[in-house]
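First comes the structure, then the notes that go with it.
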Number of protein chains: 2
Amino acid sequence: MNTKKYTMENIKYYPFFGNLANPLKIRIVGMLKEKEMSVLDLAKELKEEQSKISHALKSLKNCAIVQMKQKGKQRIYHLNKETILPMLEILDQHESKYCKKCLAKGIK
Amino acid sequence: MNTKKYTMENIKYYPFFGNLANPLKIRIVGMLKEKEMSVLDLAKELKEEQSKISHALKSLKNCAIVQMKQKGKQRIYHLNKETILPMLEILDQHESKYCKKCLAKGIK
DNA sequence: ATTGTATATTTCTTAGTATTCATATGAACT
DNA sequence: AGTTCATATGAATACTAAGAAATATACAAT
């Protein structure tokens, strides 16, 4: 039916929000709100496999939701608070105002 | 491996961002930034089938990203600008600062 | 150079989501 | 009530992204 489905203008937000739409990734974001952590730290705290955490961190890093620094053999990840905190703040307000039902039940 | 994977606290953002992570849905949001529109208006402008638009609008409405009012037989949808505009604004800033590459290529 | 520790990558499978198509509902008008 | 236009719904299929498991790389210390 279509020739050109979407313009760059419109799809540009896609990969970014895709990260925040993933339960594991949002849990990682939740952890990193508190303090910066290594991959294994995250794996332990979240009770998930290391490779899974690495995968998640890679895509979070690709969209600059988290950033990384090397420390010996460890790689320490920290949240890009400048962007993410205000964004979650807006959502909290939205949620408390409009969206109790859908958020509680996970309706899409 | 896990018993309890995530708490409510952590997954609550999931359905909301899931909507913004979808190309069609974000295109709808893009259209509704300009003006409110009916389902068929959207279908025509975006060159997509009506049922597809309806499906997308349903999930957007479930998370209060759009709102709807009846007008004769038409249903007019409009954007929840209070939440969405500041959110896109934050992202634009983020993008121009950090994420040119990933956004251009759609890397996740 | 070898070992041990930390993280990343690759491939395959599975689960979750979107799309399609057919059909149903609902509202206005005759 | 029947017709038309506008929208929504449901079920089947097609996609895409996430998860699992095994393996590879990178670094530090000995």
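Because the structure is a prediction, the values reported are computed rather than measured. Convention: sequence-line order gives letters A, B, ...; per-chain numbering from 1.
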**OP:** Measure from NZ on Lys73(A) to C1' on dT5(C) and round the result to the nearest Å.
**Re:** 4 Å

Original post:
Would you say a side-chain N or O of Asn22(B) is under 4.0 Å from OP1 or OP2 of dT17(C)?
Top reply: no

Original post:
What do the steps show when you test Tyr98(A) against Gln93(A) for side-chain hydrogen bond (donor to acceptor under 3.5 Å, both in side chains), and what is the final call?
Top reply: CA-CA 9 Å; Tyr98(A) 298 105; Gln93(A) 287 168 18; over 6 Å; no

**OP:** Counting heavy atoms from C-beta on, name the nucleotide in dT19(C), dA18(D), dT7(D) closest to the side chain of Lys25(A).
**Re:** dA18(D)

**OP:** Identify whether any heavy atom of Gln50(B) sits under 4.0 Å from a base atom; if not, whether one sits that close to sugar-phosphate; answer base, sugar-phosphate or nothing.
**Re:** base

Subject >> Rounded distance in Å - CD (Glu48(A)) to C1' (dT7(C)) >> reply: 17 Å

**OP:** State plainly whether one hydrophobic cluster holds both Met31(B) and Leu57(B), where clusters connect Ile, Leu, Val, Met, Phe, Trp and Tyr through side-chain heavy atoms under 4.5 angstrom apart.
**Re:** yes

Subject >> Distance test, side-chain N/O of Arg75(A) to OP1/OP2 of dA6(C), below 4.0 Å >> reply: no

Original post:
Within this structure, what is the CD-to-P distance between Glu49(B) and dT20(C), rounded to whole angstrom?
Top reply: 6 Å

Original post:
So what does Ser51(A) touch, heavy atoms closer than 4.0 Å: a base, only the sugar-phosphate, or nothing?
Top reply: base

Original post:
Given the rule that I, L, V, M, F, W and Y join up when any side-chain heavy atoms are under 4.5 Å apart, are Met68(B) and Leu40(B) in one cluster?
Top reply: no

Subject >> Gap between atom CD of Glu34(B) and atom CD of Glu45(B) - 0.5 Å precision >> reply: 10.0 Å

Original post:
Can His55(B) be said to stack with the base of dT19(C), given centres closer than 5.5 angstrom and planes under 30 degrees apart?
Top reply: no

**OP:** State plainly whether one hydrophobic cluster holds both Ile28(B) and Ile76(B), where clusters connect Ile, Leu, Val, Met, Phe, Trp and Tyr through side-chain heavy atoms under 4.5 angstrom apart.
**Re:** no

Original post:
Within less than 4.0 Å of OP1 or OP2 of dA6(D), is there a side-chain N or O belonging to Lys71(B)?
Top reply: no

Original post:
Given atom CD1 of Ile76(A) and atom P of dC27(D), what is their separation to the nearest angstrom?
Top reply: 15 Å

Subject >> Side-chain N,O (Lys52(B)) to OP1/OP2 (dA18(C)) below 4.0 Å >> reply: no

**OP:** Verify the contact: side-chain N or O of Tyr77(B) to OP1 or OP2 of dA8(D), cut-off strictly under 4.0 Å; return yes or no.
**Re:** yes

Subject >> Out of dT19(C), dT7(C), dT9(D), whichever nucleotide has its closest atom nearest the side chain of Val39(A) >> reply: dT7(C)

**OP:** Give the rounded distance in Å between these two atoms: CD of Gln74(B) and C1' of dA27(C).
**Re:** 11 Å

Original post:
Quick one: Gln70(B) CD to dA6(D) P, roughly how many Å, whole number?
Top reply: 13 Å

Subject >> For atom CG of Asp41(A) and atom P of dT7(C), their distance in whole Å >> reply: 7 Å

**OP:** Quickly work out the Lys44(B) NZ to dT7(D) C1' distance and round it to whole Å.
**Re:** 13 Å

